[in-house]
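Here the structure comes first, spelled out in structure tokens, and everything after it is commentary.
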Amino acid sequence: MVPARSLHLLQTADLRLRLRERLAGTAPGQGGEPWLAGLPPELTASFRHLMPQTPRTAAVLVPIVDHGSELSVLLTQRAADLKRHPGQISFPGGRIEAQDADALAAALRETREEIGLAPEWMEVLGFLPDHLIVSGYRV
């Protein structure tokens, strides 16, 4: 019989491996037409007309924090007095600016600005498909 703590460590190691395998070789913007966030991909086309023709581009980081014995996802809560998306729970990130080389650069810049996490403390595993957000962004 495997002790519970050992089993937990094995499951965490397996999850790390599965994340690396699943995201290996992915790139920003790959996967064709973006999904409308909150809907399965097969329903996106039915609601695409509700979105702006040219949504603003943004990028976020989905920080998976490795605690050794477990993994967690880091979320932020936006300040209540912000003009856009006040009080929302979110991933660190934001609009892609002209000075950003690409979506990854924007996500890393925004993460550093919002939570102080420097790129040298991160390992980028890969990219998820683009999503359209009802506020008019393509993330």
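What you are looking at is a predicted structure, and each value in this text was computed from that prediction instead of being measured.
The side chain to side chain contact (heavy atoms under 4.5 Å, CB included) test applied to A24 returns no partner, not counting sequence neighbours. In terms of the side-chain hydrogen bond (donor to acceptor under 3.5 Å, both in side chains) criterion, residue partners of S90 (sequence neighbours excluded) are, by chain and number, T76. For E120, the salt bridge (Lys or Arg N to Asp or Glu O under 4.0 Å) test picks out no residue, with sequence neighbours left out. Residues satisfying the side-chain hydrogen bond (donor to acceptor under 3.5 Å, both in side chains) test with R78, not counting sequence neighbours, are none. S72 meets the side-chain hydrogen bond (donor to acceptor under 3.5 Å, both in side chains) test with H67; sequence neighbours excluded. Partners of L23 by side chain to side chain contact (heavy atoms under 4.5 Å, CB included), not counting sequence neighbours, listed by chain and number: T26, L125, L128. Checked against side chain to side chain contact (heavy atoms under 4.5 Å, CB included), P86 has no partners two or more places apart in sequence or in another chain. I89 meets the side chain to side chain contact (heavy atoms under 4.5 Å, CB included) test with L75, Q77; sequence neighbours excluded. Residues satisfying the side-chain hydrogen bond (donor to acceptor under 3.5 Å, both in side chains) test with Q53, not counting sequence neighbours, are none.
Checked against F91 for a side-chain contact (heavy atoms from CB on, under 4.5 Å), the options V139, L61, V73 give a single hit: V73.
Hydrophobic clustering (side-chain heavy atoms under 4.5 Å, transitive across Ile, Leu, Val, Met, Phe, Trp, Tyr) groups V62 together with L19. Under a hydrophobic clustering in which Ile, Leu, Val, Met, Phe, Trp and Tyr are joined whenever their side-chain heavy atoms come within less than 4.5 Å, directly or via other members, V60 and L74 fall into different clusters.
In this structure, the separation between CD on E113 and CG on L108 is 11.5 Å, given to the nearest 0.5 Å. Between D130 atom CG and R138 atom CZ the span is 4.5 Å, to the nearest 0.5 Å.
Smallest separation of non-hydrogen atoms from A103 and A59: O-CB, 3.2 Å.
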Which atom pairs, donor and acceptor, lie under 3.5 Å between side-chain atoms of residues 92-102 and protein residues at least two apart or in another chain?
{"residue": "R95", "atom": "NH2", "partner": "Y137", "partner atom": "OH", "Å": "2.9"}
{"residue": "D100", "atom": "OD1", "partner": "R109", "partner atom": "NE", "Å": "2.8"}
{"residue": "D100", "atom": "OD2", "partner": "E97", "partner atom": "N", "Å": "2.8"}
{"residue": "D100", "atom": "OD2", "partner": "R109", "partner atom": "NE", "Å": "3.4"}
{"residue": "D100", "atom": "OD2", "partner": "R109", "partner atom": "NH2", "Å": "2.9"}
{"residue": "D102", "atom": "OD1", "partner": "L104", "partner atom": "N", "Å": "3.3"}
{"residue": "D102", "atom": "OD1", "partner": "A105", "partner atom": "N", "Å": "2.8"}

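Within the structure, salt bridge (Lys or Arg N to Asp or Glu O under 4.0 Å) pairs that include any residue of residues 58-67 comprise R16-D66 (at least two apart or interchain).
In this structure, the side chains of T111 and M122 come closer than 4.5 Å at one or more pairs of heavy atoms. Counting only heavy atoms from C-beta outward, the side chains of L71 and V65 never approach each other to under 4.5 Å.
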